[in-house]
Amino acid sequence: MPDNQNLDNPVTKYPKISPPEQDQPEPGLDTKLEPQADHGEKTYMGNGRLEGRKALITGGDSGIGAAVAIAFAREGADVAIAYLPDEAEDARHVITQIEATGRIGIGLPGDLMEVGYRKQLVHDAADALGGLDILVNNAGKQIAIEKLEDLTDEQVLETFQVNILAMFTITREALKYLPDGASIINTTSIQAYEPAPVLLDYAATKAAINNFTKGLAEQLGPRGIRVNAVAPGPIWTPLQVSDGQPKEKLPKFGHNVPLGRAGQPAELASAYVFLASEESSYVLGETLNVNGGKPSP
Ligand code: NAD
Ligand code: MG
């Protein structure tokens with residue numbers, strides 16, 4: 001086999017983790033995740049690809065959103081992150097990382113179940129940053145339930161509120177600020193096309209997000225506002241340990257993809273940077289799959 005020391009093999013780039021069974025109350029915290037996840041703190045190198053941009057990221061305190069927030073700041077953007085009040089500790093870590101780049105980092109805690117907060121959040125972000133030209137709808141709720149008989153209408157409603165209905169409200173409000181050339185990126189999931197039997201409500205919201213993304217991209221394209229989605233596969237984040245997966249499945253989390261391991265949040269960041277930046281100027285209504293090799297439609 002030829003050898004190139006400069007080349008990262010994606011199979012071994014990160015360890016194949018076998019997380020111990022663990023359970024956190026919702027929302028889970030990155031600070032308590034075992035093993036700890038990588039958000040690019042030590043690795044992400046910015047290159048001025050988002051110089052002077054102004055971004056709002058929901059769920060930007062932890063997991064994928066945290067990695068995106070850190071990457072955006074290192075690419076030159078000012079960043080507001082939204083999160084639940086209980087996640088202040090994770091949010092502080094991310095804001096510290098943003099500020100270390102010399103960019104503005106703003107925390108906007110609140111509950112996306114509340115329509116008033118969804119709207120206020122957008123105005124507060126635009127106020128604090130002096131405008132808005134990137135919106136990342138990334139917050140998500142995922143609670144695994146074995147049987148439909150045990151899946152309450154209350155949970156279904158909450159999952160739809162947080163995952164997709166909030167996207168409508170926030171994006172509508174953001175259109176008051178987003179200039180021509182702005183970018184909207186929605187976090188969907190491989191669950192949109194490969195629903196797990198224990199994630200019926202969650203997977204249905206992700207299919208809805210894919211559809212919303214494509215339709216809105218057609219609607220806003222003529223204005224020069226691009227809408228795209230990122231569809232992660234199994235990524236090691238607090239979502240998974242706060243009832244997102246049955247506990248006994250955690251030790252094998254992510255082992256069933258062609259790369260044989262779970263992804264780290266840091267491995268998602270460049271997909272969002274690409275879709276936010278002008279490098280993707282002719283890409284609209286696209287779903288960028290970052291899933292370790294699972295076939296996608
Ligand atoms: P995460 O727990 O770090 O992030 C989810 C965030 O959603 C939380 O930090 C929280 O701030 C926010 N949130 C949840 N309920 C909320 C509410 N009621 N009000 C306000 N904010 C709320 O986990 P993550 O895995 O990084 O999730 C980010 C996105 O990635 C989600 O949309 C999730 O569905 C998606 N996703 C994750 C995976 C994975 O394997 N981790 C796979 C596919 C898609
Ligand atoms: Mg969080």
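All ligand and atom numbering here is 1-based and tracks the order in the structure.
Residues Arg74 and Met45 fail the side-chain proximity criterion, which asks for heavy atoms closer than 4.5 Å.
The CG atom of Asp133 sits 7.5 Å away from atom NZ of Lys54, with the distance rounded to the nearest 0.5 Å. Considering CG of Leu239 and CD of Gln142, their distance stands at 4.5 Å, rounded to 0.5 Å. The structure places CD of Glu87 at 13.5 Å from NE2 of His93, a figure rounded to the nearest 0.5 Å. Put simply, CD1 on Ile17 and CD on Gln264 are 5.5 Å apart, with the number rounded to the nearest 0.5 Å.
Contact annotation: for Glu26 versus ligand 1, there are no heavy atoms closer than 4.0 Å. Only the side chain of Val162 comes within 4.0 Å of ligand 1, judged by heavy-atom distances. Heavy atoms of Gln191 found under 4.0 angstrom from ligand 1: none, in either backbone or side chain.
Salt bridge annotation for Glu75-Arg49: present, with a cationic side-chain nitrogen under 4.0 angstrom from a carboxylate oxygen. The pair Lys141-Glu26 meets the salt-bridge criterion, since a charged nitrogen lies less than 4.0 angstrom from a carboxylate oxygen. For Arg103 and Glu51, the salt-bridge test passes: some basic side-chain N is under 4.0 Å from an acidic carboxylate O.
Ranking protein heavy atoms by distance to atom 24 (P) of ligand 1, first place goes to Thr237 OG1, 3.4 Å. Summary of contacts: the protein heavy atom closest to atom 44 (C) of ligand 1 is Thr188 O, 3.1 Å. Ranking the protein heavy atoms by distance from atom 37 (C) of ligand 1 puts Ile64 CD1, 3.8 Å first. For atom 13 (N) of ligand 1, the closest non-hydrogen atom on the protein side is Ala139 CB, 3.9 Å. For atom 38 (C) of ligand 1, the closest non-hydrogen atom on the protein side is Gly233 O, 3.8 Å.
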Are His255 and Ser18 close enough, and set up right, to give a side-chain contact (heavy atoms from CB on, under 4.5 Å), and what steps lead you there? CA-CA 9 Å; His255 291 191; Ser18 288; 3.5 Å; yes
Mind running side-chain hydrogen bond (donor to acceptor under 3.5 Å, both in side chains) on Tyr177 and His123 for me, showing each step along the way? CA-CA 9 Å; Tyr177 299 97; His123 302 302; 2.6 Å; yes
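Note: no N/O pair closer than 3.5 Å links Trp236 and ligand 1 by distance alone. Considering backbone and side-chain atoms together, Gly140 places an N or O closer than 3.5 Å to an N or O of ligand 1. When only interatomic distances are considered, the shortest N/O to N/O separation between Lys141 and ligand 1 does not fall below 3.5 Å. Every N/O-N/O distance between Phe253 and ligand 1 stays at or above 3.5 Å. Considering backbone and side-chain atoms together, Gly59 places no N or O closer than 3.5 Å to any N or O of ligand 1. Looking at Gln142 next to ligand 1, no N or O pair under 3.5 Å apart turns up. The distance criterion of under 3.5 Å between nitrogen or oxygen atoms is met by Glu87 with respect to ligand 1. Checked by distance only, ligand 1 and Ile235 come closer than 3.5 Å through their nitrogen or oxygen atoms.
When each atom of ligand 1 is checked for a heavy atom of Gly63 under 4.0 Å away, the hits are 3 (O), 26 (O). Atoms of ligand 1 found under 4.0 Å from any heavy atom of Leu112, numbered from 1 in the order shown, are 17 (C), 18 (N), 19 (N), 20 (C), 21 (N). Counting the atoms of ligand 1 from 1 in the order shown, those under 4.0 Å from a heavy atom of Pro234 are 40 (O). Numbered from 1 in the order shown, with element, the atoms of ligand 1 that lie under 4.0 Å from a heavy atom of Tyr83 read 11 (O). Annotation for ligand 1: atoms under 4.0 Å from non-hydrogen atoms of Tyr202 are 33 (C), 34 (O), 35 (C), 36 (N), 43 (C), 44 (C). The ligand atoms of ligand 1 that sit less than 4.0 angstrom from a heavy atom of Thr187 are 29 (C), 30 (O), 32 (O), 35 (C). Close approach of ligand 1 to Leu84 is summarised as follows: ligand atoms under 4.0 Å from at least one heavy atom of the residue are 11 (O), 15 (N), 16 (C), 17 (C), 18 (N), 19 (N), 20 (C), 21 (N), 22 (C). Applying the 4.0 Å criterion to heavy atoms of Ser62 picks out, from ligand 1, the atoms 1 (P), 2 (O), 3 (O), 4 (O), 9 (O).
Among Ile209, Leu239, Asp111, the residue whose heavy atom lies closest to atom 17 (C) of ligand 1 is Asp111. Ranked by closest heavy atom to atom 32 (O) of ligand 1, the top entry among Leu29, Leu108, Asn138, Asp90 is Asn138. Remark: among candidates Gln161, Gln240, Gln245, the nearest residue to atom 40 (O) of ligand 1 is Gln240, based on non-hydrogen atoms.
Residues Gly40 and Ala266 approach most closely at N-CB, 3.5 Å, considering heavy atoms. Across every non-hydrogen atom of Asp111 and Tyr117, the tightest pair is O-CD2, 3.3 Å. Between Val257 and Arg261 the shortest heavy-atom distance is CG2-O, 3.5 Å. Ile134 and Ala276 get closest at one heavy-atom pair: CD1-CB, 3.9 Å.
Not a single heavy atom of Gly28 sits closer than 4.0 Å to an atom of ligand 1. Heavy-atom separations between Gly110 and ligand 1 include at least one value shorter than 4.0 Å.
Of the candidates Thr188, Asn137, Asn186, Asn186 is the only one forming a side chain to side chain donor-acceptor pair (under 3.5 Å) with Thr213. Between Val227 and the choices Thr171, Leu284, Leu216, the side chain to side chain contact (heavy atoms under 4.5 Å, CB included) rule is met once, by Leu216.
Ring centroids of Phe168 and Phe212 are separated by less than 6.0 Å, placing the two rings close together.
Checking Tyr83 against Asp90 by side-chain atom types alone, no donor-acceptor pair falls below 3.5 Å.
Linking Ile, Leu, Val, Met, Phe, Trp and Tyr residues whenever their side-chain heavy atoms come within less than 4.5 Å leaves Leu33 and Leu29 in two separate clusters. At a threshold of 4.5 Å between side-chain heavy atoms, the hydrophobic network of Ile, Leu, Val, Met, Phe, Trp and Tyr places Ile170 and Met113 in two separate groups.
The number of protein N, O or S atoms lying under 2.8 Å from the Mg ion (ligand 2) is 3.
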